[in-house]
Amino acid sequence: MKEAQYIWKDGKLIPWKEATTHILSHTLHYGNAAFEGTRAYATKKGLAIFRLSDHVKRLLNSAKIVAIKSPYDQKELEKAHIELLKANVYNGNVYIRPIIFLGYGVMGVSHVQAPVNVAIAAWEWGAYLGEEGILNGIKVKTSSFARNSVKSTMGKAKIAANYLNSQMAKHEALECGCEEALLLDESGFVAEGSGECFFIVRDGVLITPSYDNSLESITQATVIELAKDLGIEVVQRRITRDEVYIAEEAFFTGTAAEITPVKELDFRMIGAGKAGPVTQRLQKEFFNLVMGENPKYSHYLTYIG
Ligand code: PPE
C-alpha cells in the first residue's frame, strides 16, 4: 500500500501511522461498519473526486440501514474528503476509503452503546484487477458461494460484514487460477462480482441485472448513462451463467475495478476472449468523463483546488 501523509479521523487530520484503533473496537469483533470506495482522478485541472456527493450519500444511507448514527452530515463529510486530499501529496489517481465504525467501549453483540468513529483514508491505487486485466480482460469463475441473501443481510448497505462472503468467493476464484468471482443470487441468476457489478453484450445490446441482488452501484449507473448517450440499447434484466458463456462481451464495473473486461467465465472464452468493441468504447468514454474531458458530466467532478 502506498501510504500518504495524513488520515482524517473524527474531525482532525492525523499522521497516517497514528491512525490506529483499539483491539476491543466493536466493529473488529462484530463487523458493523459502513464504508465507501471513491476515486479521485489526476485530471489536467488537478485531482477531481468522482461523484463525491453520491458516495457520501450512500455512506450515510448504509449507516442508517445498519442503525449507526453518523456524527457528521453530508456537507461535513464532503468537506472532510476535500480537506484530506488537499493535505496529502499525490502523484496519480487516488482511492478514497471513508469508514463509519464502532469504536472501543462496550462488548457484546448489541451495538447502540458503542462509540461511533469516522475516518477517511486516501492513497494512490492503480488498476484493481491489474493493468493487464483492464486492458485485455480477466478470467472469472462462477462462485460456489451465493450472493448474500436479501432475506438475511442488507445489500443496499455497503457494510463490512457483507464482505466476508465476497472475500470467500474471491479467495476461491484466485485458488482456482482465476482473477475474480461471479456470484449468483439464491435463484441462480447472476448477481455481481465480489466487489463489482456485471454487464454482458448480446446482439449489441448491453444487459445488466437489476439492483435486487447487488449494491446500488454508482459506476454501473454511470456506464448505463454513457451507453445511452452513445445510442447503445441498455436492458436491466436477469442473466444466467450460460447466457454469459454465449455473450459477445462481458465486463465488470466498480469504483475500484472501473471497467474491466471479462475474457473467460468458467474456462469458456467470452466472444473473442479480449476486450470487445462495446467494452472498449465504454472504457474510453468512462475515462474521458472521470478525467474531466466530457463537459456534459462536469457536475460529477469535485476539483481539489
Ligand atoms: N458490488 C459490490 C459488492 C461492491 O463492493 C462494489 C464496489 C460494487 C458492486 C460497485 O459499486 P460502485 O463502486 O458504486 O460502482 N466495490 C468497492 C470495493 C473494492 C474493495 O476491494 O474494497 C469499490 O469498487 O470501491
Side-chain angles (χ1 to χ4, degrees), residues 1-8 13 16 19 35-59 77-99 119-138 158 163 170 179-180 193-197 199 215 217-223 225-226 251-262 275 279-305:
M1 160 163 301
K2 202 158 177 202
E3 294 182 5
Q5 291 74 38
Y6 298 102
I7 284 180
W8 186 96
L13 291 172
W16 180 281
F35 70 94
E36 263 309 312
T38 308
R39 272 194 191 268
Y41 288 88
T43 74
K44 279 186 198 143
K45 291 194 281 169
L47 264 188
I49 306 178
F50 179 55
R51 300 192 70 163
L52 171 62
S53 65
D54 295 312
H55 280 282
V56 170
K57 190 168 165 207
R58 190 171 65 186
L59 177 69
L77 288 170
E78 286 182 21
K79 241 183 88 199
H81 278 70
I82 296 165
E83 193 188 336
L84 176 71
L85 292 201
K86 272 190 177 153
N88 284 330
V89 180
Y90 299 109
N91 296 310
N93 297 341
V94 173
Y95 185 82
I96 311 169
R97 168 55 52 83
I99 183 162
I120 310 172
W123 64 95
E124 282 171 50
W125 202 5
Y128 183 63
L129 294 159
E131 287 298 339
E132 162 65 23
I134 204 159
L135 214 62
N136 297 319
I138 57 166
K158 195 168 168 64
Y163 285 85
K170 177 93 183 185
E179 276 111 7
E180 188 51 280
S194 73
E196 309 87 2
C197 282
F199 285 83
L215 194 67
S217 157
I218 292 166
T219 320
Q220 184 189 30
T222 308
V223 167
E225 250 187 298
L226 286 175
F251 58 87
F252 278 124
T253 61
T255 298
E258 298 166 313
I259 297 178
T260 302
V262 173
T279 311
Q280 281 181 329
R281 240 176 123 195
L282 289 167
Q283 277 184 326
K284 186 168 163 260
E285 289 299 321
F286 179 78
F287 285 114
N288 263 344
L289 189 168
V290 296
M291 293 302 286
E293 306 285 339
N294 184 343
K296 184 180 169 196
Y297 293 97
S298 57
H299 59 286
Y300 281 164
L301 299 178
T302 302
Y303 286 92
I304 309 299

| How long is the gap from CD1 on Ile259 to OG1 on Thr279, to the nearest 0.5 Å? | 8.0 Å
| Any chance the side chains of Ser194 and Glu180 put a donor and an acceptor closer than 3.5 Å? | yes
| query | Could you state the interatomic distance from NZ (Lys57) to CD1 (Ile218), rounded to the nearest 0.5 Å? | reply | 9.5 Å
| remark: Only residue of Tyr95, Tyr41, Tyr90 satisfying ring-ring contact (aromatic ring centres under 6.0 Å, His included) with Trp125 is Tyr95
| In Å, rounded to the nearest 0.5 Å, how long is the span from CG of Leu135 to CD of Gln283? | 7.5 Å
| task | Indicate the atoms forming the closest heavy-atom contact of Pro261 with Gly133, along with that distance. | result | CD-O, 3.5 Å
| query | Is there a side-chain contact between Leu85 and Ile96, using heavy atoms and a 4.5 Å cut-off? | reply | yes
| Is there side-chain contact between Tyr297 and Thr222, with at least one heavy-atom pair below 4.5 Å? | no
| For the residue pair Leu13 and Ala87, what are the closest heavy atoms and their distance? | CD1-CB, 3.6 Å
| query | Taking atom CZ of Phe35 and atom CZ of Arg58, what is their separation to the nearest 0.5 Å? | reply | 9.5 Å
| message | Under 4.0 Å between a side-chain nitrogen and a carboxylate oxygen: does that hold for Arg97 and Glu36? | response | no
| field | Straight-line distance of Leu226 CG to Leu289 CG, nearest 0.5 Å | value | 5.5 Å
| If every non-hydrogen atom of Asn88 is compared with every non-hydrogen atom of Ala122, which pair is closest and at what distance? | ND2-O, 4.3 Å
| said: Between Val290 and Arg39, is there a side-chain heavy-atom distance shorter than 4.5 Å? | reply: no
| field | Thr260 and Tyr128, any side-chain heavy atoms less than 4.5 Å apart | value | no
| Hey, does Phe252 have a side-chain heavy atom less than 4.5 Å from the side chain of Glu179? | no
| For the side chain of Thr219 and the backbone of Thr255, is there at least one donor-acceptor N/O pair under 3.5 Å apart? | yes
| request: Inspect the surroundings of OH in Tyr6 and state if more than 12 heavy atoms from other residues, nucleotides or ligands are less than 6.0 Å away. | output: no
| remark: Heavy atoms of Glu124 and Val89 approach each other most closely as OE2-O, 4.4 Å
| query | Would you say the side chain of Phe286 lies within less than 4.5 Å of the side chain of Thr253, judging by non-hydrogen atoms? | reply | no
| Minimal non-hydrogen separation, Gln220 against Leu215, with atom names | OE1-O, 4.5 Å
| query | So do Phe50 and Leu301 actually touch side chain to side chain, heavy atoms under 4.5 Å? | reply | yes
| task | Can you see which heavy atom on Ala257 is nearest to which on Leu129, and at what distance? | result | CB-CD1, 3.9 Å
| note | When rounded to the nearest 0.5 Å, the distance separating NE2 of His299 from CZ of Arg51 is 7.0 Å
